[in-house]
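Written out below as structure tokens is the structure these notes cover.
All chains are named by letter (A, B, ...) in the order of the sequence lines, taking the proteins before the strands, and each is independently numbered beginning at 1. Because the structure is a prediction, the values reported are computed rather than measured.
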2 protein chains.
Amino acid sequence: MKRGRPTIEQVAALAGVSRGTASRVVNDEPYVSAAARAAVLKAVRELGYVPNQAARSLVTRTHETVALVVSGEADDPRLSEDPFFAEVIVGINAVLAETDLELMLMLGANERARTRLLRRLRSGQLDGVMLLALPGADPLCRLAEESGAPTVYGGRTMDGEPRYFVDADNRGGARKAVEHLLVQGRQRIVTITGPVDNEVTHARLSGCLDALGGGADPVVMHADFLESGGYQAMQSLLHAHPDLDAVFAQSDNMAAGALRALREAGRRVPDDVAVVGFDDLPWARHTAPPLTTVNQPIRAMGSEMARMLVALLGGGEPTSLILPTRLVLRESA
Amino acid sequence: MKRGRPTIEQVAALAGVSRGTASRVVNDEPYVSAAARAAVLKAVRELGYVPNQAARSLVTRTHETVALVVSGEADDPRLSEDPFFAEVIVGINAVLAETDLELMLMLGANERARTRLLRRLRSGQLDGVMLLALPGADPLCRLAEESGAPTVYGGRTMDGEPRYFVDADNRGGARKAVEHLLVQGRQRIVTITGPVDNEVTHARLSGCLDALGGGADPVVMHADFLESGGYQAMQSLLHAHPDLDAVFAQSDNMAAGALRALREAGRRVPDDVAVVGFDDLPWARHTAPPLTTVNQPIRAMGSEMARMLVALLGGGEPTSLILPTRLVLRESA
DNA sequence: TTGAAAGCGTTACCAT
DNA sequence: ATGGTAACGCTTTCAA
């Protein structure tokens with residue numbers, strides 16, 4: 001049974017006023033007498049009236065809905081292995097909770113999902129879009145902007161800086177990590193990075209080079225941000241540079257892999273080899289030894305993205321943000 | 001500038017047919033001549049026409065949208081510390097990607113968010129709802145069902161079994177964990193649980209008691225599923241029962257805390273005390289020693305919830321599911 | 001197989 | 001301060 005919900009017309013009838021008046025009351029508009037307002041409110045309560053959002057959207061052209069689109073593979077480890085994704089959402093939600101905006105979630109998993117996503121974007125049922133740019137360049141970015149809805153980015157993409165974005169200070173964080181290793185007197189520092197075409201890899205590598213200052217030429221091994229990648233990279237590095245005494249891994253997952261490879265190779269951490277990670281995932285304190293790593297304010301990234309979008313929706317002109325990262329000293333370096 | 005998007009009327013005009021015909025073509029309906037169909041399709045392409053979803057919803061009363069509502073605190077650790085939440089979403093998304101349904105995300109953070117959530121539920125813009133019941137009983141459950149939209153649950157709630165749900169076999173998993181400890185000849189097994197009013201706590205405790213078989217009376221310490229809670233509980237337990245030789249923690253986080261307390265107390269794991277966790281979080285393999293724990297198929301829970309909802313939407317009568325859990329043997333027990 | 005017209009429930013405008 | 005009326009863009013009868 002498709003129960004018919006009460007319409008504003010019925011509310012108006014019960015309250016003994018016109019639709020126009022009832023509508024004004026429901027939307028908290030001025031120019032309604034106290035008496036009429038009370039009557040309408042009473043009728044609303046009695047009937048259990050809830051406005052039909054579709055009808056409202058049709059005429060107001062607003063949808064009270066924004067989307068978070070994640071333009072990565074469905075299997076991207078940052079989606080499931082890391083709490084990254086969830087943290088961003090929690091941050092977003094905290095801000096949206098103070099508004100009347102609902103959150104739509106779009107993971108660009110397969111081709112069909114992407115098509116649908118695009119269609120939804122263009123069908124104009126979204127007031128704004130937050131784009132979490134996981135991989136390098138993604139055509140989705142362009143398309144999101146073409147949809148005409150205000151768009152803010154989480155992270156920057158390879159091809160140029162978006163108009164509105166929130167990013168973590170990846171470069172500065174990496175610099176601090178490597179500087180810490182240098183201050184300790186480490187002589188032979190190697191770096192394990194993410195995929196080459198990745199903006200995050202790029203930024204963290206820049207920071208690393210900033211610290212190294214171009215003295216000796218740096219040893220860089222590209223991997224994939226994953227534990228297994230870090231493990232393999234570490235093995236190769238140990239083989240190629242047996243004299244290494246410090247490793248900066250661009251992610252905690254890779255640092256965990258490096259730790260494992262080091263343990264198997266009989267190197268002591270941090271005595272023989274110092275290890276620094278990046279991300280400060282919740283489990284970083286549980287590794288053996290506890291991991292020194294760079295913390296990035298993931299939740300804040302989410303809330304700042306949302307705040308920025310809300311500002312945009314309100315006609316404001318927010319400025320892009322680079323959030324600070326900080327080195328968390330534990331025992332691995 | 002509020003660009004006006006093309007309407008079906010314009011498409012019809014350009015194609016030289018009526019609105020009715022154009023509409024039928026767009027919705028892949030029969031009774032349209034091949035010629036007319038081609039003309040309309042061409043016009044659609046030329047104009048870049050995308051149907052207005054709000055207008056469509058208004059008349060069809062369907063919204064191609066389902067919601068995942070998480071009825072917990074915004075700070076629930078399972079939202080951010082654990083990948084639980086993200087995994088469920090990835091699972092849901094994988095199924096939804098094969099349909100035309102969009103996903104709306106609602107975290108019942110504060111009062112305002114809950115009110116909004118309810119309003120959205122009742123405003124009938126949702127075709128279906130998935131309810132992830134993190135904490136014990138939640139009034140939201142009732143309200144979701146009152147909204148009239150098909151509802152499926154992830155996990156069961158304290159007050160009775162919902163009509164449609166997907167759950168992990170918490171009881172069976174806990175039983176397996178404790179049986180494993182017994183088989184090893186552990187004599188003095190203690191349990192650290194989650195909050196008392198929690199259904200998951202309840203189920204896992206039942207499984208534990210199943211294994212113990214009511215021989216000696218079991219030592220149970222209630223905590224909160226968190227690392228810090230596990231740490232404190234372990235300390236208390238060591239104090240009260242210095243002779244304990246095994247602990248079953250109802251979450252990996254608590255197991256990590258127990259590990260820490262044990263280390264500080266100078267007990268060796270697993271030699272002096274065996275430790276088993278629950279969840280098999282990604283970092284469980286990184287603890288020292290690597291954690292033996294119970295794996296639950298979180299992603300599958302998500303996809304099964306989605307599958308169930310899709311079935312319901314299609315008029316089907318799916319049956320509720322209890323997904324298997326399995327013991328993952330590592331080195332802590 | 002097609003076209004015309006009647007809503008869907010709301011807001012917005014214009015008189016009053 | 002209020003009521004009537006015209007959109008909003010679509011789907012869906014009903015006739016032709």
Side-chain angles (χ1 to χ4, degrees), chain A residues 2-41 43-44 47-65 100 119-120 122-127, chain B residues 2-41 43-44 47-65 100 119-120 122-127:
Chain A
K2 284 257 173 282
R3 84 226 173 288
R5 292 195 301 98
T7 72
I8 195 149
E9 174 121 46
Q10 295 171 31
V11 170
L14 181 56
V17 300
S18 75
R19 272 213 306 268
T21 301
S23 171
R24 282 186 276 263
V25 170
V26 168
N27 295 340
D28 258 329
E29 280 168 24
Y31 296 113
V32 179
S33 70
R37 187 173 295 268
V40 170
L41 253 26
V44 163
L47 262 34
Y49 168 77
V50 181
N52 178 318
Q53 181 65 37
R56 178 176 284 184
S57 292
L58 187 56
V59 39
T60 62
R61 288 153 184 292
T62 74
H63 308 81
E64 317 260 292
T65 302
D100 284 321
R119 186 192 153 113
R120 291 302 256 249
R122 304 197 37 215
S123 89
Q125 72 184 293
L126 260 18
D127 294 332
Chain B
K2 284 254 175 285
R3 84 222 173 290
R5 292 196 300 98
T7 71
I8 195 151
E9 174 120 44
Q10 295 171 30
V11 170
L14 180 55
V17 300
S18 75
R19 270 211 308 266
T21 300
S23 170
R24 282 185 274 263
V25 170
V26 169
N27 296 341
D28 258 329
E29 280 167 24
Y31 295 114
V32 179
S33 70
R37 187 174 295 269
V40 170
L41 254 24
V44 162
L47 261 34
Y49 168 77
V50 182
N52 178 318
Q53 181 64 39
R56 177 177 284 183
S57 291
L58 187 56
V59 38
T60 61
R61 288 154 186 291
T62 74
H63 310 80
E64 317 261 291
T65 301
D100 285 320
R119 184 192 154 114
R120 291 301 257 249
R122 304 196 37 215
S123 89
Q125 72 183 294
L126 260 19
D127 294 332

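Residue B:R19 contributes atom CZ, which lies 14 Å from atom C1' of D:dT13 at whole-angstrom precision. Atoms CZ (A:R37) and P (D:dT2) sit 9 Å apart, rounded to a whole Å. For the pair B:L58 CG and D:dT12 C1', the interatomic distance rounds to 13 Å; values are reported in whole Å.
Nucleic acid contact class of B:A54 (heavy atoms, under 4.0 Å, all strands): none.
Residues passing the side-chain hydrogen bond (donor to acceptor under 3.5 Å, both in side chains) test with A:S33, sequence neighbours excluded: none. The side chain to side chain contact (heavy atoms under 4.5 Å, CB included) test applied to A:T65 returns A:H63, A:E102, A:M104, A:L126, B:M104, B:R120, not counting sequence neighbours. With sequence neighbours left out, A:T62 forms a side chain to side chain contact (heavy atoms under 4.5 Å, CB included) with A:T60, A:E64, A:D127.
For residues 13-37 of chain B, the set of pairs meeting the salt bridge (Lys or Arg N to Asp or Glu O under 4.0 Å) definition, not counting sequence neighbours, comprises B:E9-B:R19, B:D28-B:R37. Sorted by first and then second residue, the salt bridge (Lys or Arg N to Asp or Glu O under 4.0 Å) pairs involving residues 47-57 of chain A (not counting sequence neighbours) form an empty list.
Place B:G16 and B:A55 on DNA chain C by their nearest nucleotides, and B:G16 ends up nearer the 5' end.
Contact detail for A:V32 and A:A36: the closest heavy-atom pair is CG1-CB, 3.9 Å. Between B:V17 and B:A22, the shortest heavy-atom contact is CG2-N, 4.1 Å. Contact record, B:L58 with A:A54: N-CB, 4.0 Å, taken as the closest heavy-atom pair. Heavy atoms only, all atoms of each residue included: A:Y49 and A:V26 are closest at CE2-CG2, 4.0 Å. The minimum heavy-atom distance linking A:G48 with A:P6 is given by the pair O-CG, 4.0 Å.
A heavy-atom distance below 4.0 Å to DNA chain D is reached by these residues of residues 7-15 of chain B, ordered by number: B:T7, B:I8. Heavy-atom distances under 4.0 Å link DNA chain D to A:R24, A:Y31, A:V32, A:S33 of residues 23-33 of chain A, given in residue order.
Between the CZ atom in B:R119 and the CD atom in A:Q53 there is a gap of 7.0 Å [rounded to 0.5 Å]. Atom CG of B:L47 sits about 11.0 Å away from atom CD1 of B:I8, to the nearest 0.5 Å.
Taking a heavy-atom distance under 4.0 Å as the criterion, the stretch of DNA chain C touched by chain B extends 5' to 3' from C:dT1 to C:dG9.
Rounded to 10 degrees, the angle between the two end axes of the helix from C:dT1-D:dA16 to C:dT16-D:dA1 is 40°, with five pairs used at each end.
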